[in-house]
Amino acid sequence: MTGPDPDSVTVVVPTRNNIRTIEACLRSVTEQTHPGVELIVVDNHSTDGTPQVAQRYADRVITAGPERSAQRNTGIEAAASAWVLWLDSDMVLPPRTVALALETARATGATGIALPERTVGEGFWTACRALERECYLDDPWLHNPRLVRRDYLLGDGAFHTDMSGPEDADLRMKMRQSGVGIELAPIIIDHDEGRLTVRDVMSKRYYYGRSIPAFAEQHEGAVGAQGKAVLRSYLRNHRRLLKDPAHAAGMVVLRAMEAGGYAAGARRGRKDRASA
């Protein structure tokens with residue numbers, strides 16, 4: 001029995017109630033120049049029409065939850081390819097993304113390929129987030145893999161289902177610690193964050209923060225190391241930040257708010273783990 005084509009790719013898109021962005025995301029997958037890309041959408045019981053849009057574009061739509069990590073694992077298990085690329089449903093791929101990611105993997109022998117992101121959207125806080133992401137574009141240590149060999153994801157690389165938010169960094173650190181290669185592809189994908197508000201930022205970081213105790217348990221000292229790496233990126237890009245002082249100041253405020261949200265979420269996460 002032969003295995004899958006070594007250049008075959010499945011794109012897995014976990015989603016829940018993302019009607020605003022889901023169509024652009026899925027269309028960008030179907031428009032890839034790499035032939036035969038399989039598309040699997042794993043929907044967590046959406047009520048806004050997201051599954052109906054997914055049915056028009058995806059090869060398979062699976063209903064599963066309860067969180068993003070479990071949805072990704074479900075899609076990976078259902079894939080029929082050698083590689084899996086997972087994509088949030090508010091992201092858009094340039095047409096050559098899959099082709100260039102595979103070229104990078106072949107050229108380097110890497111098991112995982114990271115795809116740098118830029119934020120797009122409207123409003124002041126979204127512009128602050130976009131400026132922040134520009135500081136990371138060329139920093140391979142801070143980019144999590146997004147295209148990974150499926151056999152690795154079915155084994156040691158399975159997403160940790162106690163995490164929702166830090167699961168990408170958890171995978172990156174597992175791969176780095178075991179010596180599994182991660183490389184950056186020479187392409188940038190768009191992350192459509194819409195019009196960010198303070199409430200959006202705080203609620204999402206609080207939610208992600210609830211997984212920090214599980215993440216810290218797996219990777220001692222990693223939270224602090226991540227923070228230091230982010231600060232080094234800011235310092236390395238200080239000229240870029242000085243050219244846009246208003247959004248740079250907003251970026252600092254945004255990061256401070258996020259830190260507070262993470263801290264509050266982590267406190268709740270520790271209480272939840274203690275009671276469990």
Side-chain angles (χ1 to χ4, degrees), residues 15 17-25 28 68 86-95 97 100 114-146 164-169 172 182 184-212 215 222-266:
T15 188
N17 290 337
N18 281 97
I19 194 66
R20 183 181 70 85
T21 58
I22 187 71
E23 185 164 12
C25 171
S28 77
R68 189 171 64 185
W86 55 92
L87 196 64
D88 293 346
S89 55
D90 56 0
M91 295 177 175
V92 174
L93 301 179
T97 301
L100 286 172
L115 305 176
E117 302 169 23
R118 64 183 164 207
T119 288
V120 297
E122 300 176 350
F124 176 77
W125 295 113
T126 307
C128 295
R129 168 74 76 232
L131 180 62
E132 177 195 353
R133 283 193 185 274
E134 289 177 13
C135 296
Y136 308 148
L137 288 178
D138 60 349
D139 192 336
W141 198 90
L142 286 172
H143 287 287
N144 301 315
R146 191 166 290 280
S164 188
E167 73 275 9
D168 291 309
R172 165 169 48 92
I182 302 172
L184 275 177
I187 198 160
I188 299 172
I189 66 176
D190 287 339
H191 188 173
D192 182 358
E193 300 201 50
R195 182 180 290 274
L196 283 178
T197 66
V198 171
R199 181 177 180 179
D200 293 334
V201 170
M202 293 299 289
S203 62
K204 182 174 284 189
R205 294 311 182 252
Y206 174 81
Y207 178 68
Y208 288 171
R210 293 176 64 176
S211 299
I212 286 179
F215 176 75
V223 175
Q226 180 89 355
K228 291 176 182 177
V230 167
L231 289 175
R232 286 195 296 270
S233 287
Y234 296 159
L235 291 172
R236 192 172 62 252
N237 287 273
H238 67 278
R239 289 187 178 87
R240 185 195 304 269
L241 298 177
L242 289 172
K243 289 179 181 178
D244 191 354
H247 290 119
M251 186 188 84
V252 172
V253 173
L254 191 68
R255 291 298 292 177
M257 290 190 296
E258 288 181 321
Y262 278 129

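Since this is a predicted model, take the numbers as computed values, not measurements.
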Tell me, do Leu142 and Gln226 make a side-chain contact under 4.5 Å, heavy atoms counted?
yes

Within a strict 4.5 Å, meaning less than it, do heavy atoms of the Ile189 and Pro94 side chains meet?
yes

Closest contact, heavy atoms only, Asp244 versus Leu131:
O-CD2, 4.1 Å

Ala185 to Pro116 - nearest heavy-atom pair and separation:
O-CD, 3.8 Å

For a 4.5 angstrom cut-off between non-hydrogen side-chain atoms, does Arg195 reach Asp200?
no

Rounded to the nearest 0.5 Å, how far does CD1 of Ile188 lie from CG of Leu93?
13.0 Å

Hey, are the side chains of Arg118 and Arg133 touching, using non-hydrogen atoms and a 4.5 Å cut-off?
no

Please determine whether a side-chain nitrogen of the Lys or Arg among Arg146 and Glu117 lies less than 4.0 Å from a carboxylate oxygen of the Asp or Glu.
yes

Would Glu193 and Thr119 satisfy side chain to side chain donor-acceptor pair (under 3.5 Å), going step by step from the backbone distance to the final call?
CA-CA 7 Å; Glu193 300 201 50; Thr119 288; 2.9 Å; yes

Check: Val230 and Tyr136 side chains under 4.5 Å, non-hydrogen atoms
yes

Should Arg20 and Asp192 count as side-chain neighbours, where that means a heavy-atom distance under 4.5 Å?
yes

Show me, pair by pair, the donor-acceptor contacts under 3.5 angstrom made by side chains of residues 254-261, not counting sequence neighbours?
| unit_1 | atom_1 | unit_2 | atom_2 | d |
| --- | --- | --- | --- | --- |
| Arg255 | NE | Tyr234 | OH | 3.3 |
| Arg255 | NH1 | Glu132 | OE2 | 3.1 |
| Arg255 | NH1 | Glu258 | OE1 | 3.1 |
| Glu258 | OE2 | Arg129 | NH1 | 3.1 |
| Glu258 | OE2 | Arg129 | NH2 | 2.5 |
| Glu258 | OE2 | Arg205 | NE | 3.1 |
| Glu258 | OE2 | Arg205 | NH2 | 3.0 |

SG (Cys135) and CZ (Arg232) are apart, to the nearest 0.5 Å, by 14.0 Å

Non-hydrogen atoms of Pro145 and Arg172 that approach each other most closely
CD-CB, 3.7 Å

Check whether any side-chain heavy atom of Tyr206 sits under 4.5 Å from a side-chain heavy atom of Met202, and report yes or no.
no

Trp125 and Thr197, any side-chain heavy atoms less than 4.5 Å apart:
no

What's the spacing between Tyr208 OH and Arg68 CZ if we round to 0.5 Å?
4.0 Å

Shortest non-hydrogen contact from Ser164 to Ser211?
N-OG, 2.9 Å

I need the Leu87 CG to Leu115 CG distance, nearest 0.5 Å.
8.5 Å

Strictly distance-based, threshold 3.5 Å: is any side-chain N or O of Ser89 a donor or acceptor partner for the main-chain N or O of Ile22?
no

Show your working on side chain to side chain contact (heavy atoms under 4.5 Å, CB included) between Phe124 and His247 and close with a plain yes or no.
CA-CA 7 Å; Phe124 176 77; His247 290 119; 3.5 Å; yes

Measuring from Ser233:OG to Leu241:CG, what's the distance to the nearest 0.5 Å?
10.5 Å

From Leu137 atom CG to Leu184 atom CG, the distance as rounded to the nearest 0.5 Å:
9.5 Å

